[in-house]
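Any value given below was found using the heavy atoms of this structure, including those in side chains, with hydrogens, waters and symmetry copies removed. By convention here, the first residue in the shown sequence is residue 1.
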Amino acid sequence: MTDFSNMIEGYHRFRKGGWTQQRERWVELSAGQSPKVMVIACSDSRVDPSQIFDTSPGEIFAVRNVANLVPPFETGGGYHGVSAAVEFAVTQLEVPEVVVMGHASCGGCAAALSHGFKDSKAGEGKFISDWVGLLDEARERVIAKFGDSADAKREMEHEAVRVSLDNLRTFPFVAEREAAGTLKLRGAYFAIADGVLHVMDDDGVFAPA
């Protein structure tokens with residue numbers, strides 16, 4: 001398994017290889033960034049957007065968190081890391097596309113479905129429970145339709161994408177740009193076992209890309 005010392009070795013390989021080979025690109029990027037796509041993905045170590053989409057440095061603006069969730073727009077107290085990233089990507093970088101990418105075997109979605117951390121204390125699962133609570137309404141829909149079957153897990157993972165897209169549309173600056181045709185919201189889902197990317201259509205249905 002890779003630990004930090006292995007990562008430093010990887011850095012040295014990068015300096016000798018990729019960084020040197022793309023030296024002009026890195027010089028260009030040192031002056032600023034202009035990605036065309038924002039990707040909101042899960043923090044899961046198996047679903048790196050840059051690897052899945054085979055992108056080069058500077059091509060995507062990525063945000064990763066548990067279960068690839070976007071909270072609804074609100075201006076109350078607390079820190080709004082995802083909201084700040086969305087605001088920056090859409091209003092400052094002016095990306096024309098935002099992709100929410102879910103994935104198979106998502107631990108955050110499993111926690112949302114099972115309520116496994118419900119009533120936990122901080123440091124024992126409360127932060128996880130509070131965060132995936134964004135999926136509570138979706139959970140009820142999934143359980144009503146699929147019960148505790150194996151299909152419920154995948155549907156919960158699909159619902160996480162749909163909920164995040166719906167929540168993105170609660171941001172005024174997102175809704176305005178989508179209505180004007182200058183911003184496109186997309187959903188995707190990566191099936192780890194077979195390596196297939198599924199893309200969501202306008203009806204919320206996922207199909208292989």
Under 3.5 Å, is there a donor-acceptor pair between the side chain of Ser30 and the main chain of Val27? yes

Flag if over 12 foreign heavy atoms under 6.0 Å of CD, Glu74: yes

Closest approach of Ala104 to Ile192 (non-hydrogen atoms, all atoms of both residues): O-CD1, 3.4 Å

What distance do Asp130 atom CG and Ile128 atom CD1 have between them, rounded to the nearest 0.5 Å? 10.0 Å

Residue pair Arg139 / His115, side-chain heavy-atom distance below 4.5 Å: yes

Using atom types as modelled, flag every donor-acceptor pair under 3.5 Å from a side chain in residues 14-21 to any protein atom, sequence neighbours excluded.
unit_1: Thr20; atom_1: OG1; unit_2: Arg15; atom_2: O; d: 2.6

Has Ser164 got a side-chain atom pairing as donor or acceptor with Val161's backbone, closer than 3.5 angstrom? no

Give a yes or no on this: more than 12 heavy atoms of other residues, nucleotides or ligands lie within 6.0 Å of atom CD of Gln51. no

Check against side chain to side chain contact (heavy atoms under 4.5 Å, CB included), Ile40 and Val98: CA-CA 8 Å; Ile40 300 169; Val98 177; 4.0 Å; yes

Do Met101 and Phe206 sit in one hydrophobic cluster, given that two such residues count as connected whenever their side-chain heavy atoms are within less than 4.5 Å of each other, even indirectly? no

Kindly give the heavy-atom pair with the smallest separation between Ala112 and Leu135, and that separation in Å. CB-CD1, 3.9 Å

Distance, nearest 0.5 Å, that separates CG of Leu113 from CG of Asp148: 9.0 Å

Is a donor on one side and an acceptor on the other found under 3.5 Å between the side chain of Glu157 and the backbone of Gly102? no

Of Ile60, Val99, Val63, which meets side-chain contact (heavy atoms from CB on, under 4.5 Å) against Met38? Val63

Measure from the side-chain N and O atoms of Asp203 to the backbone N and O of Val205, and report whether any donor-acceptor pair falls under 3.5 Å. no

What's the spacing between Cys109 SG and Glu155 CD if we round to 0.5 Å? 11.0 Å

Minimum-distance pair of heavy atoms, taken over all atoms of Ala67 and Cys42: N-SG, 3.4 Å

Output yes when Arg162 and Asp166 qualify as a salt bridge under the 4.0 Å nitrogen-oxygen rule, no when they do not. no

Is the shortest side-chain heavy-atom distance between Glu140 and Asp136 below 4.5 Å? no

Check: Phe146 main-chain N/O paired with Asp151 side-chain donor or acceptor under 3.5 Å: no

Between atom CZ of Phe88 and atom CD of Glu94, what is the distance when rounded to the nearest 0.5 Å? 11.0 Å

Looking only at heavy atoms, which two atoms of Pro72 and Phe171 are closest? And how far apart? C-CE1, 4.1 Å

Can you check whether Pro49 reaches Arg64 side chain to side chain, under 4.5 Å on heavy atoms? yes

State, without any angle test, whether Ser5 and Asp3 hold a side-chain donor-acceptor pair at a distance under 3.5 Å. yes

Heavy-atom closest contact (Pro96 atom, Lys36 atom, distance): CD-O, 2.9 Å

Could you go through Ser129 and Ser120, starting from their C-alpha distance and side-chain angles, then the distance that decides it, and tell me whether this counts as side chain to side chain contact (heavy atoms under 4.5 Å, CB included)? CA-CA 8 Å; Ser129 180; Ser120 295; 5.7 Å; no

First locate atom OG of Ser114, then atom NZ of Lys153, and finally report the distance between them rounded to the nearest 0.5 Å. 9.0 Å

Check the pair Leu69 / Val82 against side chain to side chain contact (heavy atoms under 4.5 Å, CB included), numbers first and verdict last. CA-CA 8 Å; Leu69 292 175; Val82 176; over 6 Å; no

Going only through I, L, V, M, F, W and Y residues with side-chain contacts under 4.5 Å, is there a path from Leu168 to Val37? no

Would you give the length of the straight line joining atom CZ of Arg154 to atom OH of Tyr189, rounded to the nearest 0.5 angstrom? 4.0 Å

Which pairs of donor and acceptor atoms, one on a side chain in residues 181-188, lie under 3.5 Å apart (sequence neighbours left out)?
unit_1: Thr182; atom_1: OG1; unit_2: Arg177; atom_2: O; d: 3.2
unit_1: Arg186; atom_1: NE; unit_2: Glu97; atom_2: OE2; d: 2.5
unit_1: Arg186; atom_1: NH2; unit_2: Glu97; atom_2: OE2; d: 2.9

ILVMFWY network linking Tyr11 to Leu29, side-chain heavy atoms under 4.5 angstrom: yes

Could you state whether Val90 and Val70 fall into the same hydrophobic cluster, counting links through intermediate Ile, Leu, Val, Met, Phe, Trp or Tyr residues with side-chain heavy atoms under 4.5 angstrom apart? yes

Determine whether Trp131 and Asn65 make a side-chain contact, defined as any pair of heavy atoms from C-beta on separated by less than 4.5 Å. yes

Thinking salt bridges, do Glu28 and Arg25 make one under a 4.0 Å N-O criterion? yes

Looking at Gln33 and Pro35, would you say the former's side chain and the latter's main chain have a donor-acceptor pair under 3.5 Å? no

Where the side chain of Arg169 meets the backbone of Ala175, is there a donor-acceptor pair that is under 3.5 Å apart? no

Single-linkage hydrophobic cluster, 4.5 Å side-chain cutoff, Phe173 and Leu93 together: yes

Audit row: Leu165, Met200, side chain to side chain contact (heavy atoms under 4.5 Å, CB included) steps and yes/no: CA-CA 11 Å; Leu165 289 169; Met200 193 186 87; 3.4 Å; yes

Evaluate the side-chain proximity of Met156 to Glu159: yes if any heavy-atom separation is below 4.5 Å, no if none is. yes

For a quick test of reading the model, state the closest non-hydrogen atom pair linking Val132 to Gly108 and the distance between them. CG1-O, 3.4 Å

